[in-house]
Amino acid sequence: MIARRPLTAIGRRALDGVDAALELGRVAVGTIVGALISYWRGPRRRGEIARQMYFIGNRSLLFVAVTLGFIGMVMVYQTCLLTTQVVDGRGQVGAQFARLLVLDVGPSLTAMMLATRVGAGIAAEIGSMKVTEQIDALRMSGVTPVDYLVVPRFLASVIMTVVLTMFGMAVAWGAGGLTGYYSFQINPRTFFDLSMVAPAHVWLGMTKAAAYGAAIPIVAGFCGLRAKGSSEGVGAATTAAVIGSSFAVLIIDFTISAIGLIIWGAGL
Amino acid sequence: MTARDGQAAVELEGVGKAFGGRRVLAGVSLTVPPGGRLGIIGPAAGGKSVLLKLIAGLQRPDAGAIRVLGHDLVAAREPELAALRKRIGMLFQNYALFDFLSVADNVAFPLLHAGVAADEIDARVAARLRAVGLAGSESKMPAELSGGMKKRVGIARATVARAELVLYDEPTAGLDPVTTSKIYDLLRADQAETGSTAVVVSSDVAAVAAFADTIAMLHDGRIRWVGAAAGLFDADDLVVRSFARGEERDGAAVLSRSVEAARPAPGAWP
Amino acid sequence: MIFRRSLTQLGGRVMAMARDVGGVFVLTMEVLRALIPPRLDGRETVRNLYKMGNRSVPIVVLTALFVGGLMVIQFAAFVKQFGARALVGWGTGYAVFREVGPILIGLMFSGRVGANNTAELATMTVTEQVDGLQALAIDPIRYLVVPRVVAMMIMLVALTVIGDAVALIGTMIMSYVVLDIHPYTVWYSLVDNLGPSDFLHGISKSLVFGAAIALSSCYFGLTVRGGAVGVGRAVNAAVVGAAVSICFLDFLMTYLTA
Ligand SMILES: Nc1ncnc2c1ncn2[C@@H]1O[C@H](COP(=O)(O)OP(=O)(O)O)[C@@H](O)[C@H]1O
Ligand SMILES: [Mg+2]
């Protein structure tokens, strides 16, 4: 009897895990199919997508600017410290920084920030609709919650993540350039050097941004739709969304970077 | 589009439902004829709301059979259920109004998703809001309404699409007697107009007994008693009679027993 | 018209931000005052440490493993171009120990532990349990906030040490898989070129980030308003506040200690 307790507990947790994974899969497929259908037919709720885009942009513009700005300054600072230790490589810092920014840091860090901002927002919104039975009320009108709530956020998030990534990269680049100039006397002409950024880098970076933008609302929507209980349930859904979508960003980053390395190899 | 003659609008047989190993319903059987008015009473947390959600196809039973408006809800897949739900109206216990939509948009919602033309939507929403006494509140948001007003918006939303079956979860909880009788007048008028079937869950036994033609009492996860509403207060079953009359000693016994039943048995693994 | 509305909104947001920054500052002062004769609710601290560690070790280990591997992928093209194989350990170690490790582990910690803590305190606040404590003459700062701040600082430092080690393992694995560099080469490149100061630079950041995450998390949890929606909003605000603080403090500490 006692020996069976942990086993049943583990078994149930495993079953719950499988259940959750299937549910996540359903939300993901439902969202992507819904998005494709709405693309095919021309989105029925164009206004809603625009509204969500405005929400995402409005809520995260300042946040992305501040965080990416500081990150850009720190990156240039640390790189300059490192390169001035051995030989004076300050001339190369700007070009390398631009390459890394486009290839990885810009998209990934912007997305980490959006995972906390947008992911938490979506989960809190949908989660509180779930615990107040508004989701059931939607279903009473024959509406599919994924189509009605997740699809517009998904389309808006893919677009806005790409846009905000470009914005974040620009801010980080500018902030890095200022740091290089004021702290290490790097001439802006030398610093703002795009010679090491190839089209492949831009493609890879933007693909990452789009993939992050797709993953965040799916994970967050899934967490919100699973909320149970009342305030505690919404809190739990929100925290699950933050960590879930941050982790999704990490895994996607790793996967797409590895694929890029396989395709382009040394050219990257 | 009404159910075929002779076929029940709602038919439950041996329906069971558990949450995390906790039995809430254990073999509920019920039949509601088309155009009928069923009232469901029973102690708090006895599974009345769960029963309505099962009938609406919002949740699936663990055991038993459910037929609603000619559809087998156990076998039906989600698209079929979604289509069926459009023919059912539901007032939720806590209103479940869309907090991002105005009163008028809340009421218009079912019509919007039933493909009704825009000018007809406007006319029907206006008529419905007039009927529930909320003309003039069209552009208010749910957060600005009192509990009774939210209830009436919920009723308007549940009935605006002329559903064949309307499920009301506690339509008068927390309302004064005058408003309560007004709301039941409204339900009666709606039903006379559309010929719909009504299932009402209520803790206000006297009021629901006056409205319904049949009363069912849910107790210990089962239907303890079904009969003509008029006979409720003189039922042979002591538990039912004392619950209906709100008699203190026996009523307390009913309640405490149902709380006991709600607790998992010692040693049982959920 | 839209321009004016945006401007009004921006004004409102700046005011709200000023209020929150002020609020966190006041909370910091209160925490420090509660610690002046260093009295700490030991049991509550240990309970929080245990809960936080339990919750975050798996996610931090996974994060660090991926980050270690990711650094190699970013470095790989460079290595293939210039044959700088001996630099992999040094380059990735420098970046991970000083910057990437503390920041990413801090962000994940904030998402896991900080967010959970906000949800917990916010739920306690909306269900009036915090008022209940005060009615019993128990000081919420001393009983709720101080143990959490101390526990989060200790825990984030511990997690960063673990994370640094795991990231190193991730680096070694990916170097071997992708670049066919032996783990020894990575290890010696790291220990020959990096000193304890690089490691401590990151650790001291984690100590500060831990305090920032805890203060942001407790502040938004205790000032929540408005039921279920409010709890979700509080969590959102707490993680955003923590992320901004991490980026800002990272800059400050890099600048000051350079
Ligand atoms: N979705 C759910 N998950 C878990 N438990 C539930 C759920 N819905 C209802 N319950 C539980 O089932 C029991 C019956 O609930 P309910 O049908 O709301 O009772 P009432 O008769 O008061 O309407 C309660 O104890 C409730 O906690
Ligand atoms: Mg109920």
Side-chain angles (χ1 to χ4, degrees), chain A residues 58 60 62-63 66-71 73-75 77-78 81-82 96 100 103-104 108-109 112-113 115-117 120-121 123-125 127-128 131-132 183 224 227 230-240 242-247 250-251 253-254 257-258 260-261 264-268, chain C residues 6 9-10 13 17 59 62-63 66-67 69-70 73-74 76-81 91 94-95 98-99 103-104 107-108 110-112 114-116 118-120 122-123 126-127 174 178 224 227-237 239-240 242-244 246-248 250-252 254-255 258:
Chain A
N58 192 37
S60 357
L62 195 60
F63 179 46
V66 171
T67 49
L68 268 281
F70 281 124
I71 298 265
M73 284 154 73
V74 172
M75 274 181 70
Y77 210 95
Q78 294 280 19
L81 283 182
L82 191 66
Q96 281 291 350
L100 200 58
L103 193 56
D104 193 61
S108 301
L109 276 177
M112 284 296 276
M113 298 308 152
T116 57
R117 188 63 170 156
E125 231 170 24
S128 66
V131 302
T132 54
S183 297
S230 57
S231 322
E232 277 144 287
V234 178
T238 313
T239 61
V242 173
I243 206 72
S245 39
S246 306
F247 205 66
L250 211 61
I251 292 176
D253 188 11
F254 187 85
S257 300
L261 187 68
W264 283 293
L268 211 58
Chain C
S6 302
Q9 258 183 8
L10 190 69
R13 198 159 319 159
M17 212 188 290
I59 195 81
L62 274 175
T63 303
F66 273 103
V67 167
L70 203 58
I73 295 181
Q74 300 305 344
F78 193 65
V79 172
K80 285 187 173 175
Q81 260 176 346
Y94 186 87
R98 293 180 70 102
E99 291 301 331
I103 290 185
L104 278 183
L107 286 176
M108 291 310 246
S110 154
R112 185 80 187 151
N116 244 307
T118 308
E120 199 177 282
T123 304
V126 295
T127 55
M174 279 307 275
V178 177
V224 64
V229 185
V231 173
R233 263 207 304 264
V235 172
N236 198 336
V239 286
V240 166
V244 170
I246 287 176
C247 292
F248 172 69
D250 183 49
F251 166 75
L252 207 64
T254 300
Y255 194 78

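Order of the sequence lines sets the chain letters (A, B, ...), proteins ahead of strands, with each chain counted from 1. Everything quoted here is computed from the prediction, not taken from an experiment.
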Give, as side chain, backbone, both or neither, the part of [X] having an atom under 4.5 angstrom from any heavy atom of chain C.
| X | value |
| --- | --- |
| A:Leu100 | side chain |
| A:Glu125 | neither |
| A:Ser183 | side chain |

Are [X] and [Y] side-chain neighbours, meaning at least one heavy-atom pair lies under 4.5 Å?
| X | Y | answer |
| --- | --- | --- |
| C:Ile73 | A:Asp104 | no |
| A:Met73 | C:Tyr255 | no |
| C:Thr127 | A:Glu232 | no |

**Report entry** Plane angle bin for A:Phe247 and C:Phe66 - parallel if under 30°, tilted between 30 and 60°, otherwise perpendicular
**Finding:**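 Answer is perpendicular, since the angle exceeds 60°.
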
**Report entry** Verdict with reasoning, A:Phe70 to C:Thr254, per side-chain contact (heavy atoms from CB on, under 4.5 Å)
**Finding:** CA-CA 11 Å; A:Phe70 281 124; C:Thr254 300; over 6 Å; no

Query - Partner chain A: residue of C:Met108, C:Met174, C:Glu120, C:Arg233 with the largest heavy-atom pair count (under 4.5 Å) - result: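 So the answer, after comparing C:Met108, C:Met174, C:Glu120, C:Arg233, is C:Met108.
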
Query raised in the report: Any idea which of C:Val235, C:Thr123, C:Val67, C:Thr118 has the most non-hydrogen atom pairs under 4.5 angstrom with chain A?
Result: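 Answer, by heavy-atom pair count under 4.5 Å with chain A: C:Thr123.
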
Side chain / backbone / both / neither for [X] at chain A, heavy atoms under 4.5 Å:
| X | value |
| --- | --- |
| C:Ile246 | neither |
| C:Ala243 | both |
| C:Val126 | side chain |
| C:Val224 | neither |
| C:Leu70 | both |

Query raised in the report: Which residue, A:Thr238, A:Thr116, A:Thr239, forms the side chain to side chain contact (heavy atoms under 4.5 Å, CB included) with C:Val239?
Result: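 Single side chain to side chain contact (heavy atoms under 4.5 Å, CB included) partner of C:Val239 among A:Thr238, A:Thr116, A:Thr239: A:Thr116.
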
Query raised in the report: To the nearest 0.5 Å, how far apart are OG in A:Ser257 and CD in C:Gln74?
Result: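 Spacing of OG (A:Ser257) from CD (C:Gln74) equals 5.0 Å.
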
Requested in this report: Mind checking the CD-OH spacing from C:Glu99 to A:Tyr77? Nearest 0.5 Å is all I need.
Outcome: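 It comes to 11.5 Å.
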
Query raised in the report: Yes or no on side-chain contact (heavy atoms from CB on, under 4.5 Å) for A:Leu250 and C:Leu62, after CA distance, side-chain angles and deciding distance?
Result: CA-CA 10 Å; A:Leu250 211 61; C:Leu62 274 175; over 6 Å; no

Query - Set of ring pair (Phe, Tyr, Trp, His ring centres under 6.0 Å) partners for A:Phe63, sequence neighbours left out - result: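 Partners of A:Phe63 under the ring pair (Phe, Tyr, Trp, His ring centres under 6.0 Å) test: none.
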
Report task. With sequence neighbours excluded, tell me which residues meet side-chain hydrogen bond (donor to acceptor under 3.5 Å, both in side chains) with A:Arg117. Result ->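 C:Asn236.
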
Query raised in the report: Which heavy atom of A:Gly235 sits nearest a heavy atom of C:Val231, and at what distance?
Result: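 Nearest heavy atoms, A:Gly235 then C:Val231: CA-CG1, 3.8 Å.
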
Query raised in the report: So which of A:Val242, A:Val234, A:Ile243, A:Leu62 has the biggest tally of heavy-atom pairs under 4.5 Å with chain C?
Result: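 Winner by heavy-atom pair count: A:Ile243.
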
